[in-house]
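Data first, discussion second: the structure below is written as structure tokens.
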Amino acid sequence: MNILIIEDEKNMSRFIELELKHEGYSCQTAYDGRTGLELALNHDFDVILLDLMLPSLNGIEVCRRIRAVKMTPIIMLTARDNVLDRVSGLDSGADDYIAKPFAIEELLARIRAVGRRAVREVRTPIILKFKGIEIDTDARAVKRGDQTIELTKREYDLLLILFQNINRVLTRDVLLEKVWGYESFAETNVVDVYIRYLRNKIDNKNEESIIQTVRGAGYMIRS
């Protein structure tokens, strides 16, 4: 089992890593939210241990962004053990919640439990369809009919967020935050560039673009 530890307290992170490796697990670690999010989105893990209070991007937001595209089991780790924190963590998509300090035996038991649930659950793939375009969110694949449309990760993420918000105008700032959020150097005009890339790949010639520009506001897909 491959586990991602996103924890900014390096002593705690190292302690968890050593204990997990002693139990035969493989581990990767991240010490801030943005790095952890990038690892979680670009690699496959069996379980993610996610601290609530993280620098650069908090655990709630990291969890929400992971859950938008992946169903990897997530266990929240935090020193804050009140009802609102537990509810916020679970509502953002976490599968379980454990408060510090905890016994390593309890953490191991919770990892085994979420791992068993993940194996038992047979999810029906989520397929989004609109105007001849089909997105398989499990496979991160986009098709028009039988033809696969090759998209980069950024192009896919941008198209997905637009499909998930049909009939809603998304500003450039919102798209930038959701797709490029952990890259602070990105400028808003990068959104326009990638919208153009997407249109070139998904639109049929001589037909209105699937992605519409709302002048002075942003972009949307209108049903």
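The figures that follow rest on heavy atoms only: side chains count, while hydrogens, waters and symmetry mates do not.
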Sequence neighbours excluded, the answer for salt bridge (charged side-chain N to carboxylate O under 4.0 Å, His left out) partners of R144 is none
Path from I135 to M220 over hydrophobic side-chain contacts below 4.5 Å: no
Derivation and outcome, salt bridge (charged side-chain N to carboxylate O under 4.0 Å, His left out), residues R172 and E177: CA-CA 8 Å; R172 290 171 178 81; E177 189 272 334; over 6 Å; no
What is the distance from atom CD1 of I111 to atom CG of D95, rounded to the nearest 0.5 Å? 12.5 Å
Which residues pass the salt bridge (charged side-chain N to carboxylate O under 4.0 Å, His left out) test with D157, sequence neighbours left out? R140, K153
Is V193 linked to I195 within one hydrophobic cluster, defined over Ile, Leu, Val, Met, Phe, Trp and Tyr using a side-chain heavy-atom separation of less than 4.5 Å? yes
Looking only at non-hydrogen atoms, find the nearest pair between D8 and M53 and report the distance. OD1-O, 3.4 Å
Counting only pairs under 3.5 Å, give me each side-chain donor-acceptor contact of residues 206-216, with atom names and distances, residues two or more places apart or in other chains.
from : atom 1 : to   : atom 2 : distance (Å)
S209 : OG     : R199 : NE     : 3.2
S209 : OG     : D203 : OD2    : 2.7
S209 : OG     : I211 : N      : 3.3
S209 : OG     : I211 : O      : 3.0
Q212 : OE1    : R222 : NH1    : 2.3
T213 : OG1    : R199 : NH2    : 2.8

Checking side chain to side chain contact (heavy atoms under 4.5 Å, CB included) against I221, which of I166, N167, L170 comes through? I166
Any side-chain heavy-atom pair of E134 and L128 under 4.5 Å: no
Side chains of Y156 and T137: closer than 4.5 Å at any heavy-atom pair? yes
If you take all heavy atoms of G93 and C63, which pair is closest and at what distance? C-SG, 3.6 Å
Under 3.5 Å, side-chain donor or acceptor atoms of residues 16-29 against the rest of the protein: list the pairs with distances, not counting sequence neighbours.
from : atom 1 : to  : atom 2 : distance (Å)
E17  : OE1    : R14 : NH1    : 3.4
E17  : OE2    : K21 : NZ     : 2.9

Does this structure show an ion pair linking E7 with K100, if we count only N-O contacts that are shorter than 4.0 Å? yes
Salt bridge (charged side-chain N to carboxylate O under 4.0 Å, His left out) against E150, all qualifying residues, sequence neighbours excluded: none
Is there a path of hydrophobic side-chain contacts, each under 4.5 Å between heavy atoms, that joins F102 and I3? yes
Heavy-atom pair with the smallest gap, counting every atom of K129 and I127: CE-CG2, 3.8 Å
Scanning both residues in full, the closest heavy-atom pair of L57 with L54 reads O-CB, 3.4 Å
Residues in side-chain hydrogen bond (donor to acceptor under 3.5 Å, both in side chains) with N200, at least two apart? none
Is there a salt bridge (charged side-chain N to carboxylate O under 4.0 Å, His left out) between E38 and R34 once you walk through the steps? CA-CA 6 Å; E38 186 171 3; R34 295 188 189 280; over 6 Å; no
Does a sphere of radius 6.0 Å around NZ in K143 hold more than 12 heavy atoms from other residues, nucleotides or ligands, not counting ones at 6.0 Å or beyond? no
With a 4.5 Å heavy-atom cut-off, do T78 and Y97 have their side chains touching? yes
Non-hydrogen atoms of L198 and L159 that approach each other most closely: CD1-N, 3.8 Å
All salt bridge (charged side-chain N to carboxylate O under 4.0 Å, His left out) counterparts of R112, not counting sequence neighbours: none
Which residues pass the side-chain hydrogen bond (donor to acceptor under 3.5 Å, both in side chains) test with N165, sequence neighbours left out? R168
Minimal non-hydrogen separation, V191 against Y219, with atom names: CG1-CE1, 4.1 Å
To the closest 0.5 Å, what do you measure between CG (L175) and CG (D192)? 9.5 Å
My understanding is that only one of I48, L49, V62, V114 makes a side chain to side chain contact (heavy atoms under 4.5 Å, CB included) with I74; could you say which? I48
Residues in ring pair (Phe, Tyr, Trp, His ring centres under 6.0 Å) with F130, at least two apart? none
How long is the gap from CG on L50 to CE on M76, to the nearest 0.5 Å? 4.5 Å
What pairs with D44 under side-chain hydrogen bond (donor to acceptor under 3.5 Å, both in side chains), at least two apart in sequence or on another chain? K70
Answer yes if Y194 and V169 sit in the same cluster of Ile, Leu, Val, Met, Phe, Trp and Tyr residues linked by side chain heavy atoms under 4.5 Å apart, and no otherwise. no
Linking directly or through intermediates, with side-chain heavy atoms under 4.5 Å: list the remaining ILVMFWY members grouped with Y31, chain and number order. none
By side-chain hydrogen bond (donor to acceptor under 3.5 Å, both in side chains), D32 pairs with (sequence neighbours left out) T35, S56
CG (L107) and CG (L77) are apart, to the nearest 0.5 Å, by 6.5 Å
In Å and rounded to the nearest 0.5 Å, what is the CD to CG distance from E155 to L160? 13.5 Å
Drop me the distance from F163's CZ to I133's CD1, to the nearest 0.5 angstrom. 6.0 Å
Got I149 and I202 here, is their nearest side-chain heavy-atom distance under 4.5 Å? yes
